[in-house]
Amino acid sequence: MTGGPVAKITKRSEDYSQWYIDIVTRAEMADYAPVKGCMVIRPWGYAIWERMQRALDDMFKDTGHSNCYFPLMIPQSFLAKEAEHVEGFAPECAVITHGGGKLLDEPLVIRPTSETIIWAMYKKWIQSWRDLPLLYNQWANVVRWEMRTRLFLRTSEFLWQEGHTAHATSKEAMEEAERILGIYRTFSEQWMAMPVLSGRKSEGQKFPGADTTFTIEALMQDGKVLQAGTSHYLGQNFAKAFDVQFQNRDGQLEYVYATSWGVSTRLVGALVMTHSDDAGLVLPPKLAPVEVVVIPILKADADNAGILAAAYRVAEPFGDDVRVRVDDRDNVSPGWKFNEWELKGVPIRIEIGPKDLEKQQVVLVRRDTGKKTPTPMDAISFQVPGVLEEIQDGLMKKAKERLEAGCRAADTYESFQKAMDEVGGFIYAPWCGSRECEDRVSEETKATIRLVPDTAEDCGVCMVCGKGPAKRVPFGRAY
RNA sequence: CGGGGCGUAGCUCAGCUUGGCUAGAGCGCUUGGUUCGGGACCAAGAGGUCGGUGGUUCAAAUCCACUCGCCCCGACCA
């Protein structure tokens with residue numbers, strides 16, 4: 001393929017939403033599928049997801065989790081066993097009524113999440129305290145019949161991982177839920193270079209079937225916020241619904257304590273919205289499918305064979321440490337390649353032309369700053385790892401500054417609404433803790449309580465009802 | 001489900017108001033040649049049941065009816 005996008009992408013200042021769509025489609029991360037609300041994840045987008053998977057999977061394994069796989073189809077009755085769960089998910093389930101040309105005795109739902117089928121199995125596998133904890137994870141696809149979809153951020157079918165653990169004590173399960181939240185936070189910050197706020201969800205925002213939901217929340221460039229990952233302490237809700245009991249050390253029967261947690265391909269969308277600019281995608285090196293692209297610049301009157309050889313020689317010493325690609329296509333011009341790789345977000349470009357060959361140097365260009373640095377050819381392989389680190393850190397620093405600038409405080413409902421309309425972001429405002437006040441804010445301003453920080457300070461009276469005591473919690477308009 | 005938009009070449013679209021000759025452009029694609037340090041150029045080509053069905057008419061991409069689909073904005077949500 002020498003073709004591809006020629007048109008410029010929409011500027012963020014003109015139409016943020018269109019800018020996002022342009023980047024995702026023109027960087028060939030994803031395309032609309034023939035099925036409404038569904039997308040095809042193309043190789044460039046999938047490679048980013050694979051990088052994410054690998055990093056997360058390593059962290060899950062390092063904390064004692066094992067991967068497994070449960071079926072896509074769940075008997076409809078399973079979903080109904082947990083009251084809040086069915087209420088939350090039934091409306092958005094795809095249901096299979098026929099198979100093999102016959103009406104099924106019982107319809108099957110395509111999993112919107114797998115708690116129910118997993119707990120049906122856990123009932124078989126758990127009898128004793130010695131069987132616990134069960135620390136399982138699966139990488140899977142799920143389907144939720146969403147009304148309004150958006151590439152990567154919300155599609156009818158999406159890819160994710162879902163962890164499902166079973167524990168002998170409440171304390172242990174709660175620790176697990178918090179441990180995973182920590183993993184999500186670490187991954188987000190260290191791999192995605194995406195700073196987040198973390199904490200508990202309010203009653204109104206928690207997962208259907210959970211006692212406590214922990215969340216990480218990120219700030220996008222347009223001032224909207226995004227839930228990037230959740231970890232749930234499920235208490236004994238699913239154990240009771242599926243009658244999963246174990247005998248404890250004292251010989252007593254007890255219901256198992258549970259957690260579930262997940263992150264999805266939404267993270268790819270979050271990545272786009274966190275770092276990218278009007279020239280296209282900007283990838284943090286750790287998640288970039290290609291970290292360095294080497295572009296030989298060939299000319300009619302130059303030593304093209306020498307330039308090509310030099311390009312390969314420059315790429316060679318990186319070995320497995322750095323993901324390098326030499327773009328030796330001869331059917332597109334260097335300028336075309338520059339634009340294409342910028343659009344695709346590759347962190348470092350190395351140019352080698354006749355002038356460079358003469359001076360035994362290359363030109364190193366950073367995607368994040370656009371800065372061009374002539375570098376001696378024999379020094380490049382030593383310098384690149386450091387520059388990649390600088391880019392990774394620089395992206396984090398910039399994103400962190402934006403997050404900090406995006407966190408503001410408001411004391412009155414009026415100033416809160418004003419701040420929400422003018423700048424968005426996370427507005428910290430006093431809230432009494434009641435569902436009524438939370439719902440009223442949500443209805444009137446479309447902003448929701450993103451989380452309740454563990455360290456939330458007491459701060460006088462609620463901005464809505466005027467009653468105290470109130471805690472300061474961040475509100476935001478979410479994707 | 002409400003509001004808006006769009007279905008004509010792989011992509012972006014023009015043509016439709018006021019029906020008419022062989023349905024067009026740019027980009028992309030193929031072949032050959034010259035190029036190549038920020039989206040190169042020349043030449044020759046390939047590529048279309050104008051979303052679908054029905055109707056009006058001598059004649060429909062164009063007018064009428066019905067219908068299908070997708071995208072964007074909003075309500076719901078990872």
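Keep in mind that the numbers below use all heavy atoms, side chains included, and drop hydrogens, waters and symmetry copies. Every chain is numbered from 1, with letters handed out A, B, ... down the list of sequences.
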Nearest 0.5 Å please: distance from the CE atom of A/Met420 over to the CD atom of A/Gln417. 9.5 Å
Just checking A/Gly353: base, sugar-phosphate only, or nothing, at a heavy-atom cut-off of under 4.0 Å? base
Scan A/Pro354 against the nucleic acid and name what it touches under 4.0 Å (heavy atoms): base, sugar-phosphate only, or nothing. base
Classify the nucleic acid contact of A/Thr155 as base, sugar-phosphate or nothing, counting any heavy atom under 4.0 Å across all strands shown. base
The nucleotide from B/rG38, B/rA78, B/rC77 with an atom nearest the side chain of A/Phe158 is B/rA78
P atoms of B/rU31 and B/rC72, separation to the nearest Å: 36 Å
Same-atom distance (P) from B/rG7 to B/rA14, integer angstrom: 7 Å
B/rG51 and B/rC11, which share atom name P, separated by this distance in whole Å: 13 Å
C1' atom, B/rA60 versus B/rG55: distance in rounded Å? 11 Å
Between A/Asp421 and A/Arg477, is the closest basic N to carboxylate O distance under 4.0 Å? yes
Out of B/rG37, B/rC70, B/rU35, which nucleotide sits closest to the side chain of A/Lys36? B/rC70
What nucleotide among B/rC72, B/rC71, B/rC36 has an atom nearest to a side-chain atom of A/Ser17? B/rC72
Please pick, from B/rG74, B/rC36, B/rA78, the nucleotide with the shortest atom-to-atom distance to any side-chain atom of A/Lys224. B/rG74
Side chain of A/Arg154 - closest among B/rA75, B/rC77, B/rC36: B/rC77
How far, in whole Å, is B/rC76 from B/rA61 if one measures between their C1' atoms? 40 Å
Return the nucleotide paired to B/rC76: Watson-Crick means purine N1 to pyrimidine N3 with N6-O4 or O6-N4, wobble means G-U with N1-O2 and O6-N3, both under 3.5 Å. none
Over how many whole Å does the gap from A/Asn339 atom CG to B/rC27 atom C1' extend? 15 Å
Mind checking if A/Gln18 touches a base, just sugar-phosphate, or nothing, with heavy atoms under 4.0 Å? nothing
Contact class for A/Val263 (heavy atom, under 4.0 Å): base, sugar-phosphate, or nothing? nothing
Please confirm whether the shortest side-chain N or O distance from A/Arg477 to OP1 or OP2 of B/rG74 is below 4.0 Å. no
Rounded to the nearest Å, what distance is computed from the CZ atom of residue A/Phe152 to the C1' atom of nucleotide B/rC77? 19 Å
Take the protein atom CG of A/Leu151 and the nucleotide atom P of B/rC71, then report the distance between them rounded to whole Å. 9 Å
At under 4.0 Å between heavy atoms, what does A/Lys337 touch on the DNA or RNA strands: base, sugar-phosphate, or nothing? nothing
May I ask you to establish whether A/Lys418 and A/Phe416 are in a cation-pi arrangement, using a distance under 6.0 Å from NZ or CZ to the six-membered ring centre and at most 45° from the ring axis? no
Just the rounded figure in Å: distance from P of B/rA40 to CD1 of A/Ile297. 13 Å
Which comes earlier along RNA chain B counting from the 5' end, the contact point of A/Ile21 or that of A/Leu226, where each point is its nearest nucleotide? A/Ile21
A/Tyr32 has an atom OH; how far is it from atom P of B/rC6, in whole Å? 17 Å
Nearest-Å distance for atom pair CH2/C1', residues A/Trp336 and B/rA40: 13 Å
Under 3.5 Å: donor-acceptor pair, side chain of A/His275, backbone of A/Met192: yes
Measure from CG on A/Asp22 to P on B/rU12 and round the result to the nearest Å. 11 Å
Write down the distance separating the P atoms in B/rC27 and B/rA44, rounded off to the nearest Å. 14 Å
P-based separation of B/rU56 from B/rA65 [nearest Å]: 15 Å
Check whether A/Trp44 forms a cation-pi arrangement with A/Lys344 (NZ or CZ under 6.0 Å from the six-membered ring centre, at most 45° off the ring normal). yes
Assigned partner base of B/rG47, Watson-Crick or wobble definition, under 3.5 Å: none
Could you let me know what B/rU34 is paired to, Watson-Crick or G-U wobble, both distances under 3.5 Å, or none if it's on its own? B/rA40
Given the structure, check if the side chain of A/Lys372 and the base of B/rG38 hold any donor-acceptor pair shorter than 3.5 Å. yes
For the pair A/Trp119 and A/Tyr122, name the ring-plane relationship: parallel under 30°, tilted 30 to 60°, perpendicular over 60°. perpendicular
Donor-acceptor contact below 3.5 Å, side chain A/Asn304 vs main chain A/Ala300: no
Nucleotide forming a Watson-Crick or wobble pair with B/rG26, both distances under 3.5 Å: B/rC11
Side-chain contact check for A/Glu146: nearest option of B/rA75, B/rG37, B/rC77 is B/rC77
So is A/Arg349 actually on top of A/Phe338's ring, under 6.0 Å and inside 45° of the axis? yes
Nucleotide paired to B/rC16 in any strand shown, Watson-Crick or G-U, under 3.5 Å: none
Which one is paired to B/rC6, where only Watson-Crick or G-U wobble pairs with both distances under 3.5 angstrom count? B/rG69
For B/rG3 and B/rU8, measure between their P atoms and round to the nearest Å. 25 Å
Rounded off to whole Å, could you give me the CG-to-P distance for the A/Asp356 and B/rG37 pair? 13 Å
For A/Arg150, answer base if it contacts any base atom (sugar-phosphate contacts may also be present), sugar-phosphate if it contacts only those atoms, and nothing otherwise; contact means non-hydrogen atoms under 4.0 Å. sugar-phosphate
If the cut-off is 4.0 Å, is A/Thr230 near the phosphate of B/rA78, judged by side-chain N/O to OP1 or OP2? no
Determine whether a donor-acceptor pair (one donor, one acceptor, N or O, separation below 3.5 Å) exists between the side chain of A/Glu340 and the base of B/rG39. no
